[in-house]
Amino acid sequence: MRKLPSLLARTLTSGTSGSPVLPDMSEGHLPIHVNNVRSRLRDIVGASTNWRDHVQAMQERKALHTLLAKQQEDLPPRRMKDSYLEVILPLGSQPEIREKYLNVHNSVRFGRILEDLDSLGVLICYTHTKQEMQPRSPLSIVTALVDKINLCKKIIYPDCDIKFTGNVSWVGRTSMEVKMHMLQLHDGDYSPVLDATFVMVARDPENKRPAFVNPLVTESPEEEEIFKQGELNKLKRIDFSTASLLKMAPTAEERKIIHDIFLNTLDTRTVSFRSRKLPPNSVWMEDAKLKGLQICHPQERNIFNRIFGGFLMRKAFELGWATACSYGSSRPFIVSVDDIMFQRPVEVGSLLLLSGQVCYTEKNYIQVRVHSEVYDADTREHQTTNIFHFTFISENEVPQVVPKTYGESMLYLDGKRHFAAIMKDI
């Protein structure tokens, strides 16, 4: 850390001190091995491990409709500690699993961590909604949104054990917010690495309609504060969506920013609005993008035989990282993941198109937006599945990204908004 600029060191050690502190819930809980999380999920929903049997397994789930609650009041309330889970990723004590998580820089692949967080979030929600004496759940619980993931460590070491903890922190009628934490073992103690907030939704056994989930009760002032924070997070998401540049015009201040950029790129030698000139130490936005393609094979399916959301996050992150690396000409470090909305499921066999775009820069920071869509070769139609927002920090100051068109200007302002929200958090 001594070699890094002070700005980088400050950012990656600031953590998320503004979040309410969760009471210790670990007493009496045995950790789950990370390799057992997906197998537990398959057992809970009765999913087949054989792709050829998946249709029959889904047909059998139809009979579980009778176990759904007619109203939320029919379900017993749960406490936060009822859904608390610990998962161990033994990179230090079991070196044989290390290679899957290792990157070329001899640190842990963050994309793999995203996959583990997604699986754990779903398992936590199934633990919250578990029915006694009923081995299979009638609910189909899927990730609706990654609200935020904030990191407080620059490097995740590949030879030290990792512990994930988490629990349900807020409940609506058919949705649940899950807070998760990742810690890594150093000198006999676990130190924080990241905090994550996911939002999950419950649907019927065929994953077609919303389904009610158990209400959540709080047992202490600390838990009450955490629950209130969940309500505030929901309101913030509504406000952010309402003010979206796809729905509302930019503010007066934002319009001035865009006009100033436009004036700064005009060629003063001509009297033309079309003649543009790139300022020093700048890059046109159209030259700051990378694209990728994934064929979605059965190996990457989730327990409901759609493509696993964690896989989508991993591939999007890796493209986002490559985009930031190419732009800044040095190794970028992830600071935050923000506002990943799962708009539609991705079917097995889909052609998944990914587009990474640097949309905002400030000093050492690079804000990257990754857009994913599926392409139907028969109809030649494209449908958006996800939008990902990643904040990276580079070891060196990066060039300023400059929009040229109105559409790029909106991307710039959207990136600036996301960046400002992240900086406020950390």
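Considering every non-hydrogen atom in both Val45 and Leu139, the closest pair reads CG1-O, 4.3 Å. Nearest heavy-atom pair across Arg417 and Pro250 is NH2-CA, 4.5 Å. Nearest heavy atoms, Phe342 versus Leu312: CE2-CD1, 4.5 Å. When every heavy atom of Gly320 is checked against every heavy atom of Val368, the shortest pair comes out as CA-CG1, 3.9 Å. The nearest pair of heavy atoms linking Phe304 to Ile141 is CE1-O, 3.6 Å. Across Met248 and Thr242, no two heavy atoms sit closer than the pair CG-O, 3.2 Å.
You'll find the side chain of His65 reaches within 4.5 Å of the side chain of Asp204, heavy atoms only. Looking at heavy atoms from C-beta onward, Tyr327 lies in side-chain contact with Val401 at the 4.5 angstrom threshold. Side-chain contact between Lys81 and Asn167 is absent, with no heavy-atom pair separated by less than 4.5 Å. By the 4.5 Å heavy-atom criterion applied to side chains, Thr174 and Val213 are not counted as neighbours. Looking at His389 and Arg369, their side chains come closer than 4.5 Å, going by heavy atoms from C-beta outward. Leu194 places a side-chain heavy atom less than 4.5 Å from the side chain of Leu117. In this structure, Pro332 and Trp321 have side chains that are in contact, with non-hydrogen atoms separated by less than 4.5 Å. No side-chain heavy atom of Ile387 sits less than 4.5 Å from a side-chain heavy atom of Met341.
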Open item on the list: Under the criterion salt bridge (charged side-chain N to carboxylate O under 4.0 Å, His left out), I'd like the reasoning laid out for Glu318 against Arg109: C-alpha separation, chi angles, the key distance, then a yes or no.
Closed with: CA-CA 9 Å; Glu318 289 172 353; Arg109 295 169 61 183; 3.0 Å; yes
TODO: Give the intermediate values and the outcome of side chain to side chain contact (heavy atoms under 4.5 Å, CB included) for residues Phe392 and Val398.
DONE: CA-CA 11 Å; Phe392 294 95; Val398 299; over 6 Å; no
TODO: With side chain to side chain contact (heavy atoms under 4.5 Å, CB included) as the test, would you mind laying out the steps for Gln94 and His33 before giving the verdict?
DONE: CA-CA 11 Å; Gln94 294 182 13; His33 193 288; 3.0 Å; yes
Open item on the list: The test is side chain to side chain contact (heavy atoms under 4.5 Å, CB included); show your working for Arg380 and Tyr375 and say whether it passes.
Closed with: CA-CA 7 Å; Arg380 296 182 178 273; Tyr375 172 67; 3.6 Å; yes
Open item on the list: Show, in sequence, the C-alpha distance, side-chain angles and deciding distance for Val171 and Arg78, and conclude whether the side chain to side chain contact (heavy atoms under 4.5 Å, CB included) test is met.
Closed with: CA-CA 10 Å; Val171 168; Arg78 300 279 193 250; over 6 Å; no
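Side-chain contact of Thr385 with Gln343: a donor-acceptor pair under 3.5 Å is absent, judged by distance alone. Between the side chains of Arg203 and Asn207, at least one donor-acceptor pair of N or O atoms lies under 3.5 Å. Glu253 and Thr251 form no side-chain donor-acceptor contact under 3.5 Å, judged by distance and modelled atom types alone. A donor-acceptor pair shorter than 3.5 Å can be found between the side chains of Glu224 and Thr218.
A donor-acceptor distance shorter than 3.5 angstrom exists from the side chain of Ser244 to the backbone of Leu246, with no hydrogens or angles considered. Side chain of His371 to backbone of Thr384: no donor-acceptor contact under 3.5 angstrom is found. With hydrogens and angles ignored, the 3.5 Å screen pairs a side-chain donor or acceptor of Ser336 with a backbone N or O of Ile149. A donor-acceptor pair is defined here as one N or O able to donate and one able to accept, closer than 3.5 Å; such a pair exists between the side chain of Gln357 and the backbone of Ala288. Of the possible polar contacts, none joining the Thr323 side chain to the Lys289 backbone as a donor-acceptor pair under 3.5 Å is found. In this structure, the side chain of Gln184 engages the main chain of Cys160 through a donor-acceptor pair within 3.5 Å. The backbone N or O of Gln229 lies less than 3.5 Å from no partner atom in the side chain of Trp170, so there is not a single donor-acceptor pair. Between the side chain of Thr127 and the main chain of Leu123, a donor-acceptor pair closer than 3.5 Å is present. Checking side-chain atoms of Ser39 against main-chain N and O of Asn36 turns up a donor-acceptor pair under 3.5 Å. A side-chain donor-acceptor contact under 3.5 Å links Gln72 to the backbone of Gly172.
Note on ring orientation: taking the six-membered ring where Trp is involved, the planes of Phe390 and Phe317 are perpendicular (angle over 60°, cut-offs 30° and 60°). Below 30°, between 30° and 60°, or above 60°: for Tyr360 and Tyr412 the angle between ring planes is above 60°, a perpendicular geometry.
Salt bridge annotation for Arg79-Asp82: present, with a cationic side-chain nitrogen under 4.0 angstrom from a carboxylate oxygen. Ion pairing between Glu115 and Arg112 holds under the 4.0 Å rule for side-chain N and carboxylate O.
Between the CG atom of Leu185 and the CG atom of Asp161 there is a distance of 6.0 Å, given to the nearest 0.5 Å. Residue Met313 holds its CE atom at 6.0 Å from OG1 of Thr143, rounded to the nearest 0.5 Å. Rounding to the nearest 0.5 Å gives a distance of 7.0 Å between NZ of Lys416 and CD of Glu362. Distance check, rounded to the nearest 0.5 Å: CD of Gln400 to NZ of Lys363 gives 13.0 Å. Here CG of Asp147 is found 7.0 Å from CG of Asp339. Values are rounded to the nearest 0.5 Å. Leu351 CG to His382 NE2: the interatomic distance, rounded to the nearest 0.5 Å, is 10.0 Å.
Around CZ of Arg40, the count of heavy atoms belonging to other residues, nucleotides or ligands within 6.0 Å does not exceed 12. In Arg331, the CZ atom is crowded: over 12 heavy atoms of neighbouring residues, nucleotides or ligands sit closer than 6.0 Å. Around atom NZ of Lys130, no more than 12 heavy atoms belonging to other residues, nucleotides or ligands sit under 6.0 Å away. Within 6.0 Å of atom CD in Glu73, more than 12 heavy atoms from other residues, nucleotides or ligands are found, so the atom counts as buried in its surroundings. Atom CD of Glu99 has 12 or fewer neighbouring heavy atoms from other residues, nucleotides or ligands inside a 6.0 Å radius.
Within the cation-pi definition used here (under 6.0 Å to the ring centroid, within 45° of the axis), Arg38 qualifies as a partner of Phe308.
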